[in-house]
Structures are given as structure tokens and as C-alpha cells.
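Before anything else, here's the structure in question.
Computation of the quantities below employed the complete heavy-atom set of this structure, encompassing side-chain atoms and omitting hydrogens, waters and symmetry-equivalent molecules.
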Protein chains: 4
Amino acid sequence: MPKKVPSQALEVKDSISVGAVTTGKPLRADARRNRELILDVATKVFATEGLDVPIDEIANRAGIGIGTVYRHFPTKEELIEAVVFSFKQRLIEKASEMLEQNDPGQAFFNFLSLIVREGTGNKALIAALSRSGADIQRPLSGISLNFQNVLGELLNRAQQAGSVRSDIQVTDLTAILFSVLRTLEHNDDSGLSERILSVVCDGLRGRC
Amino acid sequence: MPKKVPSQALEVKDSISVGAVTTGKPLRADARRNRELILDVATKVFATEGLDVPIDEIANRAGIGIGTVYRHFPTKEELIEAVVFSFKQRLIEKASEMLEQNDPGQAFFNFLSLIVREGTGNKALIAALSRSGADIQRPLSGISLNFQNVLGELLNRAQQAGSVRSDIQVTDLTAILFSVLRTLEHNDDSGLSERILSVVCDGLRGRC
Amino acid sequence: MPKKVPSQALEVKDSISVGAVTTGKPLRADARRNRELILDVATKVFATEGLDVPIDEIANRAGIGIGTVYRHFPTKEELIEAVVFSFKQRLIEKASEMLEQNDPGQAFFNFLSLIVREGTGNKALIAALSRSGADIQRPLSGISLNFQNVLGELLNRAQQAGSVRSDIQVTDLTAILFSVLRTLEHNDDSGLSERILSVVCDGLRGRC
Amino acid sequence: MPKKVPSQALEVKDSISVGAVTTGKPLRADARRNRELILDVATKVFATEGLDVPIDEIANRAGIGIGTVYRHFPTKEELIEAVVFSFKQRLIEKASEMLEQNDPGQAFFNFLSLIVREGTGNKALIAALSRSGADIQRPLSGISLNFQNVLGELLNRAQQAGSVRSDIQVTDLTAILFSVLRTLEHNDDSGLSERILSVVCDGLRGRC
DNA sequence: TATGAATGAGCATTCATTCAT
DNA sequence: AATGAATGAATGCTCATTCAT
């Protein structure tokens, strides 16, 4: 039985080329701390205020210099991607957990529900995902590919169990998910989330 | 037998003065031409490149001076709204036509289908709907209200005819539409559109 | 005994080259009317809001087109000068009246008092005068010369009567006047006007 | 025997952070140099060309980027105020020195004389004073209040010594000073300055 | 002549990114 | 490594002036 991935996704920083330069060296302790700090703050700030927040703002709220932010993430774009990365990482963990469940249909719909719950009102998740996820044509790599894989796994099982209509593909699903999240971007009315989720789930079950 | 839509929803002003000041005077021939030119260009540009395109760009592509754009639309915001206005206007017209149809369910789903078809890859349309769909709390006015009214009419009839689940509200619907459009923003793959539309429609019919 | 100049200073329009093109032809009736209208509005608007008011504003308030304003005053600068012109014209009239008085000292100080009273809170008078009047080196011509002449006349007589210290020159005086007016630009507190006027008058009488 | 000015008026902050945010940290060497450079250039440029000079111009003349100007003074207004600040600061120092003199009347008139000398042809100084002198209603704060305090001190003593008429108030005085400076704005003819100063001083002594 | 539409240089301000300390 | 100062392209908007109707 697979152990749970540590929820903080810490082992990322140097082996995978997200942000910073990809040297083989592990980061110094303080640097690693800063990297995480930036990521945390950025995640929070992006989540609440959207991606238009200037880098200065993030540096300030993190209590560090702009230069430091840029040292870790040479580009705003890369910072955003790193944030997305963490999100996807978290979602992947959750998905893995769900895969353990017995009922494939249940697992699948639970996951959808989870995403909707996490994403409601989270501007960063949405805006960020919409960048890397909405463009379906683009071939995926790294984390996004992983994410898609787990999602596909969940989907397949549910389809094989007859809980989800069979003509749907993973890419359709991601598209739908991102789209729903975006809708909830400005609305934290949970009633709305529920109803939309319900519509989507019913729709995925297929015509009666 | 379907009644005609309440005239309130239909008598959208059709001649002049959207954005800018609403004087009674019709625009001079050349001004009207320019106004429409700007609107056309803006619509296209916004649709393809998003709302961040600078006004200069629009002016250039239209082959006119910046000042002219600002004469017609004193604010970028107003230009956007004018673009949105046209879109909603078109959709309202279509919706009105659909209301003539005998089968309320058919009418409703046809309209959804229409919107999806028109909206695929069209950022401006998405922005348009996002105004009435994204921020649900904000009370609507003018064209957006009209749009919501026609949509509500279509929805109600379909619900009374039992073609659509009854817990759905107009605002949910706009949210969903918006959501779907957003998804199709970067994807003109028609297969995707079809499947998503299908999922949404099935979902709206309700659990079997 | 000289008749009073008509207070509206109408005979200006074509013989003196202020504003418009200096053709010999008198203006058509409606043109003349417009010219005066513009001047009136500009005077009032400049007086209350300062010289930064856009020409559009003036045209609008006058209920005519911008083009018309520009036809009469090819440049904003010229419109301003025309406004100044009227002011000076009025002051010249008044000064002429004062010259009729028996007591030269009285006449002189009355005139100062008049200017202060008229100028208090009148942004246009002040800003305008400060343009054409504050630069003392520049040789005067036209109306400004006239103005200076009358003022000089008042001054001379008062000096000869021993009511004003003799080292003061007309240019000093205009400078002082403009300066006082500017001070009162933003203050309509009449107490202040009084005291400043009093200081200046006492100062002009000379050391006791 | 003249007491020292109340320390409140003197302890103007002298090191850093005028305009911008007032953090406790001293500026880095290069930053301080730039800040002063900007201030110098701005002072000179404002003084000679008025406050309408674009920020670009100032940046160019200082040989630095626009952004740098904005880093130090987030707003044009703040830059202007900083310039004003320096001026008033200098004047306050001078005034404090004068307060040391034995003869209160002498001290007072010397200060006036100083201001006139410094202010002749200096648009920035004029703007500076105009902040505290032009709009008398507005309650003062910070440096302007300090300035007014020292000036008031000088005035009071001179009045108590019988050298200045007693109906004059500090605000009248600033107004007058402002007024005189405005007059000298475009004129560096020292004869003019002298005569005007003389008139004002005599006027302030009061009717004989 | 009158009108007001068109023009575009000009300006304040922001922000991602680079670089000296 | 960290810092934060410097940079300057980019952007929304204004307004004097010109010109077609």
C-alpha cells in the first residue's frame, strides 16, 4: 500500500526543473526556506487577488527583497507555474488516495467534488490552471502529465464500472474541470458550486 | 402555446449611443462608420487576443487615431462594454426567435447549442457572458438584464415542460454557460465542444 | 466731459487684432453674437475654474461647436488674451472715470481698491493678467499700453499731489497690483483683501 | 531678551524620507545620492520653468530613468511637495537665526528681505509659499505649520515691539509674502524688488 | 459659416526585469 | 545569496488643433 506523499511536496525544488536554475546542487537551507516562503505567499496572494499582483507585492508580503524572488523564479511566469505545480501536486496526492477506494464511480465523483471545493474562490488555482490546463492541444509534460494520468486512471475505472459515459476523454474532463473552476472564481456561494457540480456529475453519468 | 417574450426584453435600443453619452442625435455618417469600425475591430481583437490589448492597437488596426476611439468610447471599459453589448444583443435576438418554437425543451437546448457554437474560441463573447455570469451577486441592468430575462424565459418554459431539472436557476445557467465558453476559449476542436455540450445538456436534464 | 465708454466694449472686434483674423470687414451679425457669447462664457468659466479648462468645455457651455470657437480665436492663447483684453478695457473705463475726480490721491487709491474688489476670487483676471502683465520687461502695446497709460496718469497725479511716494513707477505699480490679485486668487475672505489693500496703500504713501 | 524658538518649530526631520514612505532605514548611498540629485534638478527646473514640467524632463536632466524618480517620489505631487519642503526648511532655519537677533523689528524685516532676495525669479520657492499662503482656509500641517510658527513668532515680537502694525496676522503675512514673490517671479530687476519690498515694509509698519 | 469628428503628441504612472552593493 | 535601487517600455487617457461635412 503506497505511503502518502508528504503533503507539502518539498522534494521538488532541485530535481525537477521548475523555477530556479536546474543545477544538480541542493539548495542551501535558507534558500530552500525562502523558496518555500515565496511559494506560500504567492499561492495565497494569487489565490485571493489574482495573477495581476505585482512581484513587489509578493516580495513585500514575504518580507524579502524582490531580487530574492527573482533569484528563485527568474520570471513571473515561472513563479506562477511553480504555484500551479504545487496545486497539481496536491491534487495528485488526493487523487492517489481516492484511487484506493473500492467503488471506482464513487472515487471519481468524490475527486470532482474535491476539486470544486478546493477551487471555489481560489483565483490562483483557477487562473493558473487555466493557463497550463485550458489549452488542451498542447502536449503535456512533467507534473501536468502526471496529473492527467491520475485523472485518466480515475476516469477509466469509473467508465469501466459503467459509472461514467464512455465517450468522454481525459482532456474533455480537464477542460470541464477548469471551466467549472473558472466559473466559481468570483463566487463563493456554495449553493452555486453544489448545483453546478451536480449538473456536471449528472452529465458525466450520461443520458438516462 | 408559447407567448411572445415580454416586449421589455426585446426593445433593446438598436441605433446609437452605446457607451459615450446618450444624446438623441444620430451620428454623422462618417462617425457612425468609425464607431462601427472600432466596434468590429475591437470585437475581433478582443475575441482573439483577450481584453488586455491596448487601445492603441485597436486604433492602429482600425487605421484611425487613438483619439477617435476615445471620442466614441471614453474609457476602455466602455468599449469593452459596448462589445459585450453587441454580443448580448445578438444572443437576445436569437433567443427570441427560439422562443417562437413549439417545443420549449427543444428551444432551450437549441439555444445552448447556439451559444456554444458561437462562443467557441471567441474571447469577447466569453467576456460578454462573464459580465452577467461571473459575478452573480452584482445586480444586473440594461442589456444584461434583458439577456437574463430571455434566458430565464427559455429556462422556465423548459422546466415547466419537464425538460430541465427544476432546481436550476437562471444565474446558475449563465454561470454554466460562461463556464463552458471559457473552456472552449482556446479550443476550437469541435469534437470537444460537442461532448461538453452534451454533458452539460444531459446534466441539465437531471438525474435519470 | 467724456462720455462713458459702452461697458460692453463691442467696437473691438475687427479694427484691433485681437483674436480672429484681422480683415477689414465687420463680422456678420450672428458671428458677432457668437464672438461675444464665447467671450462671455470664457470669461466666466476662466474666472471660476482657471485657465486649464479645455476649449471643449467652453464651447459646450456656450452651446456652440468647438470649431466655432476656433474660428473666432485661432488659439486658446488668443482667447485668453481676448478675455484679458475685455478686463483691461473695463478697468480702463473705470480708471478714466476716476480721473474725473478732484482729489488725485483719492482717485488713485479708489482705483486700487476697485481692482482688488473686482479681482478677488477671479481666477481668470488674475491668471490672465499675470501672463500679460507680470512680465514687466516686455514692451507693451495695444490695450495693455493704454491700461498702463491711464494707470500712470492716476499715479502721476497722486504723486504730484504728494499722496504717493515719488520713487514708485508705473511698472512697479502694475507688478504690485498683479501680485496682490494673485494672492487673492484662492481667497474670497474679504477681511484679507482689506488688510492687504491697506498695507499696500500705506506702503505706497511712503515712510512716515 | 528673545527666547529661543519653541523647539517644535525647529526639530524638522533632516535626514531621510520626505515624500515616499517614511521607513526608519537610512537610504543606501547611491539611493541617497539619486534622491538628492532628483531633488536638486527638480528644484532648479521647477524654479525656472514652473511646475508643468513633465517628470520625464526631470529624469532626463538628472540623467536617470523615470522609474527612479517614481521610486523616490511616487507621485509628481509628492516630488513637488518635497521640493517645497526643502525650501521651507531652509527658510525656517534662517528665521530661527534671525530670532536670535536682539531687535525684533530688525529681525522681522530682515527676514522679509531675505525671502524676497531668495525668491526673486524662483518659481519653486513661490510655489512653496503658495502652499501655505495661497489657500488660507486649509489647515496646515508638518513643515508648513512649522514655517508658519516661526514666521508668527517673528511677527509677534515685532508687533509687541511696536515695529509692525498690530492688525496683521500670520496668514496675512504669508499671503503678502506669497504675493510679492509671485510678482518677482519673472523679474529679476533688483530695483523692482527693492522698491516693492520697501513698499511692503512701510505698509506693514502702518499708517503714519 | 458652423459643426463636431479626427488626430496624435504629450503626460502620469505601473511593473517586470536587471544589476550594483 | 540577499537586497532593493534603477530601468524604461508600456498603457490609459487628455486636449489643443485641424479638417471634412
Answer yes or no: is there a side-chain heavy-atom contact under 4.5 Å between Ile55(C) and Leu79(C)?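 Yes; the side chains approach each other to less than 4.5 Å.
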Going through the checks in order, is the side chain to side chain contact (heavy atoms under 4.5 Å, CB included) test met by Glu81(C) and Phe85(C)? CA-CA 6 Å; Glu81(C) 271 165 21; Phe85(C) 184 91; over 6 Å; no
Whole angstrom value for the distance that separates P of dA16(F) from CZ of Phe73(C): 15 Å
Any side-chain heavy atom of Ile58(B) within less than 4.5 Å of one from Phe46(B)?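 Touching, per the 4.5 Å side-chain cut-off.
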What nucleotide among dT21(F), dT3(F), dT7(E) has an atom nearest to a side-chain atom of Ile64(A)?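 Looking only at heavy atoms from C-beta outward on Ile64(A), the closest nucleotide is dT3(F).
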For the pair made of CZ in Arg33(B) and P in dA20(F), what is the distance, rounded to whole Å? 13 Å
Do the non-hydrogen side-chain atoms of Arg33(D) and Asp30(D) ever get within less than 4.5 Å of each other? yes
Output a table of nitrogen or oxygen pairs between the protein and nucleotides 9-12 of chain E separated by less than 3.5 Å.
{"residue": "dA12(E)", "atom": "OP1", "partner": "Lys76(D)", "partner atom": "NZ", "Å": "2.7"}
{"residue": "dA12(E)", "atom": "OP2", "partner": "Ile55(D)", "partner atom": "N", "Å": "3.1"}

Rounded distance (Å) that lies between atom P of dA2(E) and atom CG of Asn60(C):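 Asn60(C) atom CG is separated from dA2(E) atom P by 17 Å.
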Rounding to a whole Å, what distance do you find between Arg71(C):CZ and dT21(F):C1'?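 Interatomic distance, CZ of Arg71(C) to C1' of dT21(F): 14 Å.
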Does dA2(E) have OP1 or OP2 under 4.0 Å away from a side-chain N or O of Asn34(C)?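 Looking at the OP1 and OP2 atoms of dA2(E), one of them is under 4.0 Å from a side-chain N or O of Asn34(C).
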Any sub-3.5 Å donor-acceptor pair from Lys76(B)'s side-chain atoms to Val53(B)'s backbone N or O?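 Present.
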Any donor and acceptor pair, going by atom type alone, linking the side chain of Thr43(A) with main-chain N or O of Leu39(A) inside 3.5 Å? yes
For Arg61(D), what residues pass the side-chain hydrogen bond (donor to acceptor under 3.5 Å, both in side chains) criterion, not counting sequence neighbours?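 Per chain and number, Arg61(D) pairs via side-chain hydrogen bond (donor to acceptor under 3.5 Å, both in side chains) with Glu49(D), Glu57(D).
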Return the value, rounded to whole Å, for the distance between atom CG of Leu79(A) and atom P of dC15(E).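 In whole Å, dC15(E) P and Leu79(A) CG are 16 Å from each other.
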Is there a donor-acceptor pair under 3.5 Å between the side chain of Thr48(C) and the backbone N or O of Lys44(C)? yes
Let me know the distance between CD of Glu77(D) and C1' of dT13(E), rounded to the nearest Å.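 For the pair Glu77(D) CD and dT13(E) C1', the rounded distance is 14 Å.
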Most 5' of Asp30(B) and Gly63(A) on DNA chain F, judged by nearest nucleotide: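 Going by which nucleotide is closer to the 5' end, it is Gly63(A).
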Can you tell me how far OG1 of Thr75(A) sits from CD1 of Ile80(A), rounded to the nearest 0.5 angstrom? 10.0 Å
Glu57(C) CD to dG4(E) C1': how many Å, rounded? 16 Å
Without decimals, in angstroms, what is the distance between Arg35(B) CZ and dG4(E) P?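 In whole Å, dG4(E) P lies 17 Å from Arg35(B) CZ.
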Ignoring backbone atoms, establish whether His72(D) has a side-chain N or O less than 4.0 Å from OP1 or OP2 of dA6(F). yes
Under a 3.5 Å cut-off on both pairing distances, which runs of 3 or more consecutive Watson-Crick or G-U pairs involve DNA chain F? E:2-21 with F:2-21
